[in-house]
Amino acid sequence: MTRKEISQAVISRLPRYFRYLGELKDQGITRISSQELSDIMKVTASQIRQDFNNFGGFGQQGYGYNVEYLYDEIGKILGLGKEHTLIIIGAGHLGQALSGYNNFFNRGFIFKGAFDLNPDLHGKKIRDIEIRPVEEIEKFVRDNKIEIAVLAIPKDQAVPMADKLVACGIKAIWNFAHVDLELPDYVQVENVHLSDSLMKLSYSIERYEKAHNLK
Ligand code: NAI
């Protein structure tokens, strides 16, 4: 299927569809209407239809959506149909918490290596993966054809580290350091700021309390 350019707004909703469909699939549900999906996901049925129309629809009139097919197709669009090799740079609190989270690895992300500046950490293991010195990064990335690097290091270290990773051929960076990375456009970057999410929560509290005269 050839696909037109999909808006970022639609793409940002796909992981949520994927997650819900995965749960439906696990419950043995084989088909679902856009209205039923709308009720579960609290998104309008017309939004769901519009979103799926970007990819050719997926649905059949009077039948609804085939859950497994839809799940597989959205997974393919998200590039989850294949394995992605990944390393973590910075094996501190965040790096260790991320690498301990099983769910990432069930989605085809293969955790191959962890690197840290701190010599006290070298040789220790997270998930059977040995923490290595940063001097080994270049060779490791090349030898193991690593696609994704997770940056869980202080922000003043993140820019030079990202440049070094790009030079040895990394395809994508999952950046947790609070700094903008300016990288060539062939390197994909996804910035994650949990504090942004917390600020949105704070905004929602404010908005609700104002609307209900609770302030
Ligand atoms: P941490 O201090 O526990 O761990 C940082 C680790 O990075 C240490 O083990 C340190 O030795 C290592 N390190 C420092 N420079 C390095 C380099 N050049 N190469 C390899 N390793 C290096 O800190 P924590 O709490 O794990 O946070 C790590 C980073 O993630 C910080 O920049 C923090 O601000 C950020 N962070 C971001 C979040 C987000 O939502 N984006 C949430 C939590 C932390």
Side-chain angles (χ1 to χ4, degrees), residues 8-9 11-20 78-80 84-208:
Q8 280 301 318
I11 292 166
S12 68
R13 287 193 285 273
L14 290 184
R16 188 156 179 263
Y17 288 126
F18 185 74
R19 199 155 33 82
Y20 272 84
L78 290 170
L80 300 174
H84 298 284
T85 47
L86 174 154
I87 55 171
I88 290 185
I89 317 281
H93 292 96
L94 181 62
Q96 298 214 18
L98 289 171
S99 47
Y101 183 51
N102 254 332
N103 217 3
F104 297 137
F105 307 108
N106 298 339
R107 298 250 185 267
F109 296 96
I110 314 293
F111 176 35
K112 288 277 198 178
F115 298 85
D116 201 287
L117 265 188
N118 181 355
D120 294 344
L121 293 175
H122 299 157
K124 295 201 168 134
K125 288 191 172 176
I126 31 180
R127 297 179 71 96
D128 289 339
I129 298 284
E130 198 180 309
I131 302 170
R132 298 161 184 268
V134 286
E135 292 73 25
E136 294 181 13
I137 291 176
E138 279 105 327
K139 184 171 179 340
F140 191 91
V141 167
R142 291 203 173 98
D143 290 354
N144 294 280
K145 298 192 171 47
I146 300 298
E147 291 187 349
I148 303 172
V150 181
L151 281 191
I153 55 178
K155 69 175 184 182
D156 60 333
Q157 301 283 316
V159 171
M161 178 56 73
D163 290 342
K164 175 166 149 166
L165 289 161
V166 171
C168 54
I170 207 87
K171 280 189 185 171
I173 293 184
W174 200 24
N175 177 34
F176 285 82
H178 298 293
V179 64
D180 292 330
L181 302 174
E182 287 184 27
L183 302 177
D185 59 6
Y186 55 82
V187 180
Q188 312 308 315
V189 179
E190 181 67 27
N191 298 303
V192 184
H193 300 299
L194 296 178
S195 50
D196 290 5
S197 176
L198 200 53
M199 283 187 259
K200 280 196 214 157
L201 186 63
S202 151
Y203 168 78
S204 300
I205 296 171
E206 285 287 306
R207 194 183 51 175
Y208 183 85

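The model shown is predicted, which means the values in this text are computed figures rather than measured ones. What's counted below: heavy atoms across the whole structure, side chains too, no hydrogens, waters or symmetry copies. In listed order, ligands and their atoms are each counted from 1.
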Requested in this report: Please confirm whether the backbone N or O of Lys200 pairs with a side-chain atom of Ser204, one donor and one acceptor, at under 3.5 Å?
Outcome: yes
Query raised in the report: When you measure from the side chain of Thr85 to the backbone N and O of Lys112, does any donor-acceptor pair fall under 3.5 Å?
Result: no
Query raised in the report: With distance as the sole test, does Asn118 use its side chain to make a donor-acceptor pair with the main-chain N or O of Asp120 at under 3.5 Å?
Result: yes
Query raised in the report: Has the side chain of Gln96 got a donor or acceptor atom that lies under 3.5 Å from a matching backbone atom of Ala91?
Result: yes
Quick one: table the atom pairs, ligand 1 N or O against protein N or O, below 3.5 Å, distance rounded to 0.1 Å.
from: ligand 1; atom 1: 3 (O); to: His93; atom 2: N; distance (Å): 2.9
from: ligand 1; atom 1: 3 (O); to: His93; atom 2: ND1; distance (Å): 2.6
from: ligand 1; atom 1: 9 (O); to: Asp116; atom 2: OD1; distance (Å): 3.3
from: ligand 1; atom 1: 9 (O); to: Asp116; atom 2: OD2; distance (Å): 2.7
from: ligand 1; atom 1: 11 (O); to: Asp116; atom 2: OD1; distance (Å): 2.6
from: ligand 1; atom 1: 18 (N); to: Gln157; atom 2: OE1; distance (Å): 2.7
from: ligand 1; atom 1: 21 (N); to: Leu117; atom 2: N; distance (Å): 3.3
from: ligand 1; atom 1: 26 (O); to: His93; atom 2: N; distance (Å): 3.2
from: ligand 1; atom 1: 26 (O); to: Leu94; atom 2: N; distance (Å): 2.7
from: ligand 1; atom 1: 32 (O); to: Ile153; atom 2: O; distance (Å): 2.8
from: ligand 1; atom 1: 40 (O); to: Leu194; atom 2: N; distance (Å): 2.6
from: ligand 1; atom 1: 41 (N); to: Phe176; atom 2: O; distance (Å): 2.9
from: ligand 1; atom 1: 41 (N); to: Val192; atom 2: O; distance (Å): 2.5

Query raised in the report: Mind checking what makes salt bridge (Lys or Arg N to Asp or Glu O under 4.0 Å) contact with Asp156, not counting sequence neighbours?
Result: none
Query raised in the report: Above 12 or not: heavy atoms from other molecules or residues under 6.0 Å from NZ of Lys171?
Result: no
